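All values reported here derive from a predicted model rather than from experimental measurement. Hydrogens, waters and symmetry mates are skipped; everything else that's a heavy atom, side chains included, is used.
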Amino acid sequence: RDSCFSYGTLSVTPAGDGFDITLEVKNVGKKEAMETVQVYVGEKSPSVPRPVRELKGFAKVKLAPGKSEEVTIHLPRTAFAYYSTDAHDWCVNPGVFTIEAGASVTDIRSTVEVNVQ
């Protein structure tokens with residue numbers, strides 16, 4: 001699909017039990033339109049098999065041509081967890097995770113790494 005939105009650089013801020021992911025989204029098209037910003041999380045060195053990226057948050061924005069909006073999506077600690085069949089519970093491996101934002105899983109626009117304890 002031809003996108004009429006540009007994505008700014010992702011910033012990550014510790015917030016509550018997780019992180020706030022913030023980026024600017026701008027309508028660079030010629031008419032008002034909606035965009036669904038999708039946020040994916042992937043563990044860099046997983047100890048168990050995991051997908052490369054998992055959808056963990058999204059936000060919808062409606063913007064007039066030329067207008068931009070700062071979008072913030074909260075990722076709680078559970079966004080980094082996997083279900084351990086050994087522990088019979090959700091677990092978070094400390095380490096580096098990749099956070100990606102895009103219009104879809106095949107249209108990633110901005111990436112940042114975060115260290116989760």
Side-chain angles (χ1 to χ4, degrees):
R1 83 182 170 100
D2 294 328
S3 178
C4 56
F5 291 88
S6 67
Y7 285 47
T9 303
L10 282 174
S11 67
V12 179
T13 308
D17 67 337
F19 299 94
D20 282 345
I21 311 306
T22 305
L23 73 153
E24 185 179 67
V25 178
K26 182 175 184 177
N27 183 345
V28 294
K30 296 187 182 337
K31 58 185 176 184
E32 183 175 75
M34 291 194 70
E35 178 80 336
T36 301
V37 179
Q38 300 177 19
V39 174
Y40 296 88
V41 172
E43 189 174 356
K44 287 284 270 194
S45 302
S47 61
V48 296
R50 294 185 74 173
V52 173
R53 62 182 56 89
E54 299 174 60
L55 178 64
K56 295 297 184 174
F58 65 92
K60 291 184 179 188
V61 292
K62 184 176 186 179
L63 295 170
K67 297 297 180 185
S68 61
E69 184 174 317
E70 192 172 84
V71 175
T72 300
I73 298 167
H74 180 70
L75 294 179
R77 184 168 175 79
T78 54
F80 303 92
Y82 69 95
Y83 189 79
S84 168
T85 55
D86 293 336
H88 301 287
D89 201 1
W90 291 91
C91 301
V92 176
N93 286 334
V96 178
F97 286 77
T98 302
I99 298 173
E100 299 171 310
S104 75
V105 71
T106 59
D107 188 4
I108 301 298
R109 309 284 187 87
S110 193
T111 302
V112 68
E113 289 184 350
V114 63
N115 200 352
V116 176
Q117 298 303 318

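- Residue pairs meeting the side chain to side chain donor-acceptor pair (under 3.5 Å) criterion with at least one partner in residues 13-26, sequence neighbours excluded, are Asp17-His74, Asp20-His74, Thr22-Thr72, Glu24-Ser68.
- Ser110 places no side-chain N or O within donor-acceptor distance of the main-chain N or O of Ala101, the cut-off being under 3.5 Å.
- With rounding to the nearest 0.5 Å, the separation of NZ in Lys67 from NZ in Lys62 is 15.0 Å.
- Glu70 is linked by a salt bridge (Lys or Arg N to Asp or Glu O under 4.0 Å) to nothing, counting only residues two or more places apart in sequence or in another chain.
- Val112 is linked by a side-chain contact (heavy atoms from CB on, under 4.5 Å) to Leu10, Val12, Ile99, counting only residues two or more places apart in sequence or in another chain.
- Ile21 CD1 to Leu23 CG: the interatomic distance, rounded to the nearest 0.5 Å, is 9.5 Å.
- For the side-chain contact (heavy atoms from CB on, under 4.5 Å) test, no residue two or more places apart in sequence or in another chain qualifies with Lys31.
- Arg50 pairs by the side-chain hydrogen bond (donor to acceptor under 3.5 Å, both in side chains) definition with Glu43, Glu54, not counting sequence neighbours.
- With sequence neighbours excluded, no residue forms a side-chain hydrogen bond (donor to acceptor under 3.5 Å, both in side chains) with Tyr82.
- Smallest separation of non-hydrogen atoms from Asn115 and Phe19: O-CZ, 4.0 Å.
- Tyr7 approaches Thr36 most closely through the heavy-atom pair OH-O, 4.0 Å.
- Closest of all the heavy-atom pairs between Glu32 and Pro65 is N-CD, 3.7 Å.
- Other members of the cluster containing Trp90 are Tyr83, with ILVMFWY side chains joined at under 4.5 Å, either directly or via other members.
- When the side-chain contact (heavy atoms from CB on, under 4.5 Å) test is applied to Ile108, the partners found at least two apart in sequence or on another chain are Tyr40, Arg53, Glu100, Thr111.
- Among pairs with a residue in residues 79-97, none fulfils salt bridge (charged side-chain N to carboxylate O under 4.0 Å, His left out), at least two apart in sequence or across chains.
- For the pair Thr78 (side chain) and Ala81 (backbone), a donor-acceptor distance under 3.5 Å is absent.
- The stretch residues 42-63 participates, sequence neighbours left out, in no ring pair (Phe, Tyr, Trp, His ring centres under 6.0 Å) pair at all.
- Of all non-hydrogen atoms in Asn27 and Ala64, the two that sit nearest each other are CB-O, 3.4 Å.
- Evaluation of the side-chain hydrogen bond (donor to acceptor under 3.5 Å, both in side chains) rule for Ser84 yields no partner, not counting sequence neighbours.
- In this structure, the separation between NZ on Lys30 and SG on Cys4 is 10.5 Å, given to the nearest 0.5 Å.
- Every side-chain hydrogen bond (donor to acceptor under 3.5 Å, both in side chains) that Lys44 has, sequence neighbours left out, goes to Glu113.
- Residue Leu55 is not grouped with residue Val41 when hydrophobic side chains (ILVMFWY) are merged at heavy-atom distances under 4.5 angstrom, including chains of intermediate members.
- Residues Glu69 and Leu63 have side chains in contact (heavy-atom distance under 4.5 Å, counting atoms from C-beta outward).
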